[in-house]
2 protein chains.
Amino acid sequence: MPSVPVTTSRREQILVEAARLFARHGFHGVSIDGIGAAVGVSGPALYRHFPSKEGLLAEMLVGISEHLLAGGQERAAETTDPVELLEALIAFHTDFALHQPELITVQDRDLANLPDAARHRVRGLQRAYVEVWVDALCRAGFAANEEAARVRAHAAFGLMNSTPRSAGHTRPDVAAPLLVAMARAALHARV
Amino acid sequence: MPSVPVTTSRREQILVEAARLFARHGFHGVSIDGIGAAVGVSGPALYRHFPSKEGLLAEMLVGISEHLLAGGQERAAETTDPVELLEALIAFHTDFALHQPELITVQDRDLANLPDAARHRVRGLQRAYVEVWVDALCRAGFAANEEAARVRAHAAFGLMNSTPRSAGHTRPDVAAPLLVAMARAALHARV
DNA sequence: CGCTCACGTTAGTGACCGTTCACGTCCCCT
DNA sequence: AGGGGACGTGAACGGTCACTAACGTGAGCG
């Protein structure tokens with residue numbers, strides 16, 4: 001019983017291939033026909049599955065934000081000790097960044113291309129995810145105040161999300177412990 | 001005698017405003033007319049100063065890469081001790097990222113939109129800049145091999161380049177020491 | 001003065017692209 | 001059997017946009 005469904009629906013195929021293309025060429029650098037071709041159908045067939053090109057992007061980015069927030073909240077619910085929680089958050093986020101580099105890339109490059117409603121939705125989810133980190137950082141005593149905690153959290157994201165830049169050259173199993181150690185050291189660092 | 005020229009040429013105006021617009025909306029999300037309007041002329045006047053929209057982007061990205069490489073090589077020439085050199089590189093890069101967040105954003109988001117020749121040029125310059133860091137990291141004993149050093153360097157860039165995400169909310173003079181301390185800790189971290 | 005050249009302007013033009021339309025096909029369900 | 005819905009196709013449409021063309025203007029200068 002595999003953790004990934006054996007029969008990948010057309011919808012999911014489209015989402016996966018679109019993510020790859022968006023990551024490589026940017027939202028506006030990819031055409032509807034291009035996405036269709038990548039999944040073996042052509043052109044306007046996408047409109048059987050998504051309301052528009054922007055709607056496709058919206059589903060992608062909302063999905064990512066929800067996944068991250070859910071993972072963060074799950075760890076926060078399981079772990080009371082803030083230092084331990086940070087450790088779990090680092091492991092979770094690093095794992096995601098290493099296994100889904102395209103999603104990471106699209107997430108912070110093409111947010112601006114979302115229609116207003118979806119963009120606000122994603123921003124809200126992202127803010128909530130950041131708050132999980134900020135709360136842990138404050139409770140752990142690693143940040144003087146929330147502003148500093150936010151800077152630290154974003155810096156850690158930047159660090160862990162660097163994988164799309166150095167991956168391809170590097171196997172995930174060698175990069176992972178390195179990134180985890182670096183993120184931990186950065187978050188613990190006294191200024 | 002100001003360090004910034006009093007009379008900003010039209011060319012420079014265009015480069016500055018285009019950087020702001022590209023950072024906010026992405027290369028394909030900004031029209032020639034939009035750039036013109038931002039500098040008070042309209043539309044195709046740009047072609048008096050740049051051969052094409054892609055040429056404008058090329059000049060921008062090549063300029064950034066050259067600036068970073070020059071700064072890195074300068075520090076490397078002045079400093080023999082590798083740990084000290086890393087300190088200088090961190091200060092240099094953090095300062096750039098904090099004061100030019102738009103350039104940082106465009107640099108790693110719109111590389112793919114360059115024509116082939118310019119893109120290879122920029123990639124070469126970036127590689128050379130990374131090599132300055134990799135060399136220092138290896139000599140300092142902070143990385144087991146060049147592969148690990150490259151991962152570390154990219155992770156540090158991601159950390160320092162996070163400023164566009166958390167800036168706007170945060171004054172540079174409070175973020176700077178924090179980012180420097182985090183980058184140092186991350187680079188020194190034992191795995 | 002009159003030539004030139006740097007710098008603008010407005011009005012096209014051709015290409016691309018998101019989206020819609022009219023139509024076909026195959027499977028499922030009563 | 002047959003009807004309907006899910007899914008796909010190719011053709012057309014409308015808008016946007018990079019880029020070009022034709023033209024204007026004013027400053028430097030012999």
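Computation of the quantities below employed the complete heavy-atom set of this structure, encompassing side-chain atoms and omitting hydrogens, waters and symmetry-equivalent molecules.
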Exercise. Among dA18(D), dA11(D), dG8(C), which nucleotide sits nearest the side chain of Ala45(B)?
Worked result: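 When the side chain of Ala45(B) is considered, dG8(C) is the closest of dA18(D), dA11(D), dG8(C).
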Exercise. Looking at dA11(C), dT9(C), dT19(C), which one has an atom nearest to any side-chain atom of Arg48(B)?
Worked result: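 Within the option list, the nearest is dT9(C).
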Atom pair distance, as rounded to whole Å: [atom1] in [X] and [atom2] in [N]:
X	N	atom1	atom2	answer
Tyr47(B)	dA6(C)	OH	C1'	19 Å
Phe50(B)	dC19(D)	CZ	P	13 Å
Leu46(A)	dA6(D)	CG	P	18 Å
Arg10(A)	dA6(D)	CZ	C1'	12 Å
Lys53(B)	dT20(D)	NZ	C1'	17 Å

Between [X] and [Y], is there a donor-acceptor pair closer than 3.5 Å when you use the side chain of the first and the backbone of the second?
X	Y	result
His120(A)	Asp116(A)	yes
Arg109(A)	Ala23(A)	yes
Thr79(A)	Glu84(A)	no
Arg11(A)	His49(A)	yes

For this session: Please state whether the phosphate of dA6(C), meaning OP1 or OP2, lies under 4.0 angstrom from any side-chain nitrogen or oxygen of His49(B).
Result: no
Exercise. Between Arg152(A) and Glu146(A), is the closest basic N to carboxylate O distance under 4.0 Å?
Worked result: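 Result for this pair is no, no salt bridge flagged.
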Problem set entry | Salt bridge present between Glu66(A) and Arg121(A) (N-O < 4.0 angstrom) | yes
Exercise. Of all of residues 27-42 of chain A, which get a heavy atom below 4.0 angstrom from DNA chain D, listed by number?
Worked result: Val41(A), Ser42(A)
